[in-house]
Structure formats: C-alpha cells, structure tokens
Colleague: 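Please see the structure below; I have some questions.
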2 protein chains.
Amino acid sequence: MTVTNNSPNERGPRRKRMPRAQRERQMLDVAVQVFAQRGYVATSMDEIAERVGVSKPMLYEYFNSKEGLLLAAIRDARNELRLVTEQATVGATSGKEALERGLLAFFRFIDGRKEAWSLLRQEMAFIGSSASEEVEAIREQQTALNAKLLQAYLPIGAQREAEAAAEMLVGACERIAVWCERHDDITPELATQYTMNLIWDGLANRQAAAESTQKLPTTR
Amino acid sequence: MTVTNNSPNERGPRRKRMPRAQRERQMLDVAVQVFAQRGYVATSMDEIAERVGVSKPMLYEYFNSKEGLLLAAIRDARNELRLVTEQATVGATSGKEALERGLLAFFRFIDGRKEAWSLLRQEMAFIGSSASEEVEAIREQQTALNAKLLQAYLPIGAQREAEAAAEMLVGACERIAVWCERHDDITPELATQYTMNLIWDGLANRQAAAESTQKLPTTR
DNA sequence: CGCCTACCTTACTATGAGTAGGTTACTTCC
DNA sequence: GGAAGTAACCTACTCATAGTAAGGTAGGCG
C-alpha cells in the first residue's frame, strides 16, 4: 500500500538515502498516522519503521525512544493547532470576536484534521513518565495565549484566575470535541455557539436570554 | 514494605487462600496504587501480581487483560467520585448551590484522593482500543447527571446544548484539577470559586463586575 | 584514488503480556 | 473419617516488541 520511498518495483533493497531533516519529516508523518490510528500502546516501532521504509535503529537514532517519537509528533501537531487558532484571532475587533474566531478555528481543525486531533489526545500516555512535564510545557503555550486574551475580562490583578479560566476553556473545548465525535450532527459552528453561550454568557444569563437568541444554524 | 497477605514472617510460601471477591478487591487496590504511581504503560502485571502476593495468571483469570484491570480500576474510582459529588448536591436549595456543592466535592476529592485521580487520568490509554467506548459509557454516567442539573438553566428543549454544557463543565473541571497540581496554593474552595465565576457568571459579566480597563464592552 | 563521515543495516538482548496445563487446599456428602 | 468435586492457585512456558551493539555502504572531498 504505502509505496515508501525506494525504487518502486526494482528488485534489490536499494533504499534511497536522504538528508536527516527530510527523513525526520517522513518519520513524523508516518508516526502521526500510526499513533492516531492504533493508539500509543498498540503501536509498534517496527511497524512505523517498516512503513517509513527504514530500519528500526534509525527511529531510535532520531527520536531516542517510543515516547520521544510520540512527543515529537504531539509537539508538531500542537504547534500547528496553535498557529491556526492564533491566526484566526487576528483582525478581530473585540475580545469576544477574537474568542469566537479562535473557537471556530479550533473546532474546524478538530473536524478537518481528525488524525492530528486523535494524536493530541494521546498525551495522557505520558502520565507518570519523565516527559509529562514536557507535555504540560507544550500545552502551556496554548493556555498562556488564552490567558492573555481572557485577562481583559477579569478583575485587574486576577492573574491566577485568568490562568485558571484559560485552562478551563481549553479543557472544555477538548472535552466537547470528543463529544462531537459521537454526535456528527454537531457542526464546528454549533460547537462554537454552545461554547460561547456557556463561557461568555454564563449559565445564570442563559435562561434569561433564552427566548430571543437563535442564530447561525449553518448546516452543511 | 508491603506485607502482602501471607502469614507474615512464617517461613515457606504458604499463601492464604481467600474467596474470589476478597482477592479481587485486593488486586484492584494494588492496581490503583501501581497504575497511579507508574502510569499505565510503565506498569507491569508482574509487579502487581507480586505486590498482591499472587501469581500472574490469577490476574488474568479475574480481569482478562491489562486493559481489563485498568478498566475495572477506573470504573471503581469513577463510581466513587460520582457517589461523592452526587451526595454533595442533596439538600441544596437552588441549582446554583447544587452546582457549587458538587464542584467543591469534586475538588476536595481530587485534593484528598490523589491516587484515584491520577488513575482516572489514565483513561486516555484506551484510545484506539475496543474498550474506549466502555470508558465513555462510564463517563456518561457523570455527564448525564450534570446535564440534568444544567437543563434548568437553558432554553426549553435545548437537550443537546445541555449535554454539551455538561461535557464542557466536566472537561473544565478535569483540566483545572491538573492545573491545581502545579499550583498548590489553590485550595478546593478557590478552585470552586474560579469555576463558578466562569461557568455561572460568564466572561461577559465578570467584566462588568470588575471595572474593566480594556476596550469595548461588546454588549447588546 | 582512498579516506571520512553520515546514513543505514542485520542481528541480537531483555522485558513483559498473555497462556497451557497441572497442583493444592477447602467443602460436601456419604 | 474419607472419597469426590471444585475453586483457588502455581510453574513454566510462548511470543511480541522496546531498545542496542556492531558493523556495512554511499558519496563527498583531499
């Protein structure tokens, strides 16, 4: 199936050599696929090596361990996600709009890049390992961004609370994203709306505002 | 250290036999400890067996697989958590109070039963496995409960949104709980307050409540 | 050309999940 | 008491896979 990279049907094990960076990219791409599909535990390094068209020690040469490979893949995917959401917020004319756009970008990413998302969910595999701090550090880039945005809406000096709110926001999004997978009638737009309803308006005000609001169904 | 269960210092490998239910309990207790401490991946069935004071095939006899054991342990811990939070809400005189009490109970659980909490976080180990649906089913018991509570605060017939809100609530709590671990100055009470501030009041109103410094109010 | 370096391999070890098949203690019923 | 049955338990394996040691090969550069 996967025509790795060799001279296609020619006999002989004539692997093409390639520069480190390129190989690394290749390995990461395959790793994302396999980890996402099978899950961390059920994934074998042998399989990844084979699909890349290279031998196992190469993987270890480049990533040190199975965890290292997963970590690199996660870092990669998270960077991409962060970039996408960050980009989405530029040009917003209000904090609310920035939040809304960020959320929409997030849910669209989830919806469109199922593979990357599935990979990101595997970060819990690191619990109890030395790399778990590293994972949290990667996450923090995202939450720090959000905290800055949210800070404007909290009492001055409520640094801590802004951080907490950012964490909650991220947690809420991740959880609802999982939930969306089981309800395919929920579009990114709808997910965004639900999230805004809760996070922005708050439960106390939802009931009051209940009668009048009913916007953007935007089905596909 | 762990004086497993045998005749304490007596010589000989004279293991005491015990009824299935009792052994099972024992195994689960040890499993919780070890999984929580080492993480799923780094935990070996051999170690658990040894700490229980029993041979490996017994574990498989009772739980079928490593995943099965983790699943049973998680189910156990989640039941306990659900019980605790559920109990906390009885006697509340308003939905708001119920929510508040539930949150506090949750954060106290997290704070007091670190082991169980660490275990619960491992559920992502199931991604890509056949048991992942089972895990979601267990979670659903919790969210269904919350959805019912939240429904009162949403437009009539907004079933879906109530579910979504419940998921978000749970996600937010779980994430902030992780965050709390890295900030030990955050008490359960404070965590509860932060959560209520965001979920109940909503960002829009937090801003109003605090003399905002930043730009545009964006109200309707 | 011949050597050097970076890419790559074959062929191992070690560990840990899961199992086959037998053994021992406790209960039951005569 | 003792035979018979059963539930708890064990030893001793197989097999997959994470990780490693030690060496081979392409291609650039003096």
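Every chain is numbered from 1, with letters handed out A, B, ... down the list of sequences.
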Colleague: Which one, D:dC9, C:dC8, C:dA17, comes nearest to the side chain of B:Y62?
Modeller: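 That would be D:dC9.
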Colleague: For a quick check of understanding: with a heavy-atom distance under 4.0 Å over all strands, which category does A:M45 fall into, base, sugar-phosphate or nothing?
Modeller: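 A:M45: backbone/sugar contact only, no base atoms under 4.0 Å.
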Colleague: Could you state the atom-to-atom distance from CD of B:E50 to P of C:dT15 in whole Å?
Modeller: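 So the two atoms are 14 Å apart, to the nearest Å.
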Colleague: Between B:E181 and B:W117, is any side-chain donor less than 3.5 angstrom from a side-chain acceptor?
Modeller: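 Looking only at side-chain atoms, B:W117 and B:E181 do form a donor-acceptor pair, the distance falling under 3.5 Å.
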Colleague: Looking at B:R23, does any N or O in its side chain come under 4.0 Å of the phosphate oxygens OP1/OP2 on D:dA7?
Modeller: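 No, because none of the side-chain N or O atoms of B:R23 sits under 4.0 Å from OP1 or OP2 of D:dA7.
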Colleague: Take atom CD of B:E61 and atom C1' of D:dT6, then tell me their distance rounded to the nearest Å.
Modeller: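 It is 12 Å, rounded to the nearest whole Å.
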Colleague: Could you state the CG-P distance from A:D46 to D:dA16, rounded to the nearest angstrom?
Modeller: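 To the nearest whole Å, that distance equals 11 Å.
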Colleague: By nearest nucleotide on DNA chain D, pick out whichever of B:R20 and B:P57 is the more 5' one.
Modeller: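 Nearer the 5' end of the strand: B:R20.
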Colleague: Starting at atom CE of A:M18, determine the distance to atom P of D:dA26, rounded to an integer number of angstrom.
Modeller: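 Distance, rounded to whole Å: 16 Å.
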Colleague: Can you pull the ring-ring contact (aromatic ring centres under 6.0 Å, His included) pairs that have at least one residue in residues 26-77 of chain B, sequence neighbours excluded?
Modeller: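 For residues 26-77 of chain B, and leaving out neighbouring residues, the ring-ring contact (aromatic ring centres under 6.0 Å, His included) pairs sorted by first residue read B:F35-B:Y40.
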Colleague: Below 3.5 Å, does any donor atom in the side chain of B:K66 face an acceptor in the base of C:dG16, or the other way round?
Modeller: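 No pair found.
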Colleague: Calculate the interatomic distance between A:I48 atom CD1 and D:dG19 atom P; express it in whole Å.
Modeller: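 That distance rounds to 12 Å.
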Colleague: Without hydrogens or angle criteria, can the side chains of B:R23 and B:Q26 be said to hold a donor-acceptor pair below 3.5 Å?
Modeller: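 A pair is found: one side chain offers a donor N or O, the other an acceptor, under 3.5 Å apart.
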Colleague: When the distance from CD of B:E47 to C1' of C:dA17 is rounded to whole Å, what number comes out?
Modeller: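 About 15 Å, once rounded to whole Å.
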Colleague: What side-chain donor-acceptor pairs closer than 3.5 Å can you find for residues 67-74 of chain B, not counting sequence neighbours?
Modeller:
residue : atom : partner : partner atom : Å
B:E67   : OE1  : B:S129  : OG           : 3.2
B:E67   : OE2  : B:S129  : OG           : 3.3

Colleague: Can you check whether any acceptor in the base of C:dC8 is under 3.5 Å from a donor in the side chain of A:R17, or vice versa?
Modeller: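 No, the side chain and the base share no sub-3.5 Å donor-acceptor pair.
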Colleague: Expressed as a whole number of angstroms, how long is the span from B:Y40:OH to C:dG16:P?
Modeller: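 After rounding, the reported distance stands at 14 Å.
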Colleague: Without swapping roles, check the side chain of A:S118 against the backbone of A:K114 for a donor-acceptor pair under 3.5 Å.
Modeller: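 It does not hold such a pair.
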Colleague: Select one nucleotide: of C:dC8, C:dC7, C:dA25, the one nearest the side-chain heavy atoms of A:S55.
Modeller: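 Nearest listed nucleotide: C:dC8.
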Colleague: Report the distance from atom CZ of B:F63 to atom P of D:dC9, rounded to the nearest whole Å.
Modeller: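 So the two atoms are 13 Å apart, to the nearest Å.
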